[in-house]
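For reference, the structure is listed below as structure tokens.
Order of listing sets the numbers, starting from 1, for every ligand and every atom in it.
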Amino acid sequence: MTQKYLHLEMRGNVAVIRLARPAKRNALGDALILALRNQFENLPADAKAAVLCGEGDHFCAGLDLSELKERDAGQGLHHSRMWHAALERVQFGLVPVIAALHGAVVGGGLELASACHIRVADGSAFYALPEGSRGIFVGGGGAVRIPRLIGAARMTDMMLTGRVYNAEEGERIGLSQYLVPQGQAFDKALELASRVAENAPLTNYALMHALPRIAEQPADQGFFTEALMAAVAQSAPEAKSRVKDFLDGKASKVKKT
Ligand code: 1HE
């Protein structure tokens, strides 16, 4: 399924979803946000992981500022909640999502990247939250997700001062987990997604849906939820066959890199 400004292509069992509005730096208008929601709700049944990337010189310029018209408080609330609903489908959907980042990853573009499970950046990537200087605030879940990646102090600085982090700094502070040479983010993201797609489905489910909740729970509740999730995961036939393969010497060892 391909929608205006959003392309889907299957690469084996990996769904590649590409923001395709390069003339406007992949700015996220309402139509594109709704398309993202629709796409992540309706992934092909054979998709086991996804890569999210952007066409042109930038990953995403954030909110389409040309659509930022006068809204009253209620309309502003609903607009932000629409973003939340769409990005929740990315974070809490059916498959892990690897973001391939290059060029501008700014404003709502950083909010979108933050909803993904792994971020791979190339050397051209840069990160900013220009909301601060545009007189607005994040509204796509960034106030929740970005401090969990880099801490509230760094996000406050980005918004108050317009600070821009380059690709190396972004990796150092936790905006991306991988940094690759310019032009290689997509290939690395696809390689990782293909690897992730081979995991037992319940393991991927646990990492997407249980881990973020456990991380927010008080320790006592977190330990208990962890135990429940561990019991469910290890009871799956796939877990048993994978462990048996290792014990039979048929599965790969962990190797020092
Ligand atoms: C846009 C947008 C946009 C570009 N909305 N049209 N986001 C921002 O404040 C970032 C604003 N954009 C930029 O700072 C720059 O465009 C970039 C650094 C991303 C790219 O620079 P560059 O030199 O490659 O492109 P450009 O020449 O600035 O832009 C090319 C065209 O894209 C141009 O339109 P044209 O008709 O004159 O060709 C730009 O107007 C257009 N364009 N970015 C609309 N964002 C849920 S709340 C989230 C709140 C936010 O995200 S606020 C932050 C918004």
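Residue contacts with ligand 1: A27 is placed with no nitrogen or oxygen under 3.5 Å of a nitrogen or oxygen of the ligand (distance criterion only). Annotation: R25 places an N or O atom under 3.5 Å from an N or O atom of ligand 1; distance criterion only. Residue G108 places at least one N or O, backbone or side chain, under 3.5 Å from an N or O of ligand 1. Taking distance alone, with nitrogen or oxygen atoms compared against 3.5 Å, I136 stays at or beyond that limit from ligand 1. Between E111 and ligand 1, a contact under 3.5 Å exists for no N or O pair. Considering backbone and side-chain N/O atoms, W83 never comes within less than 3.5 Å of an N/O atom of ligand 1.
When each atom of ligand 1 is checked for a heavy atom of A104 under 4.0 Å away, the hits are 19 (C). Near P130, with a cut-off below 4.0 Å to any heavy atom, the atoms of ligand 1 are 8 (C), 9 (O), 53 (C).
Under the 4.0 angstrom criterion, atom 40 (O) of ligand 1 counts as lacking any protein heavy-atom contact. Under the 4.0 Å distance rule, the nearest protein heavy atom to atom 23 (O) of ligand 1 falls outside the cut-off. The protein reaches atom 3 (C) of ligand 1 closely, with a heavy atom under 4.0 angstrom from it. In this structure, atom 13 (C) of ligand 1 is not in close contact with the protein, since no protein heavy atom lies within 4.0 Å of it. At a distance under 4.0 Å, a protein heavy atom can be found next to atom 36 (O) of ligand 1. In this structure, atom 19 (C) of ligand 1 has protein heavy atoms in its sub-4.0 angstrom surroundings.
Considering only non-hydrogen protein atoms, atom 49 (C) of ligand 1 sits nearest to E131 OE2, 3.3 Å. For atom 34 (O) of ligand 1, the nearest protein heavy atom (residue, atom name, distance) is K24 NZ, 3.3 Å. In terms of protein heavy-atom proximity, atom 9 (O) of ligand 1 is nearest to R134 NE, 2.6 Å. Looking only at heavy atoms of the protein, atom 44 (C) of ligand 1 is closest to D64 OD1, 3.3 Å. With respect to atom 7 (N) of ligand 1, the closest heavy atom belonging to the protein is A61 O, 2.8 Å. Atom 5 (N) of ligand 1 has as its closest protein heavy atom L65 N, 2.9 Å.
Donor-acceptor pairing under 3.5 Å is lacking for the side chains of H78 and R81.
Few gaps surround CZ on R71; more than 12 heavy atoms of other groups in view lie less than 6.0 Å from it.
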For residues 128-151, run the donor-acceptor check on the side chains, cut-off 3.5 Å, and write out each pair with its distance to 0.1 Å, sequence neighbours left out.
from, atom 1, to, atom 2, distance (Å)
S133, OG, P130, O, 3.0
R145, NE, Q91, OE1, 2.6
R145, NH2, Q91, OE1, 3.1
R148, NE, E216, OE2, 3.3
R148, NH2, E216, OE1, 3.2

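Electrostatic pairing of R172 and E168 does not count as a salt bridge here, judged by no charged N lying under 4.0 Å from a carboxylate O.
Using a 4.0 Å heavy-atom cutoff, A23 is listed among the residues neighbouring ligand 1.
Here the shortest heavy-atom pairing between D64 and A27 reads CA-CB, 3.9 Å.
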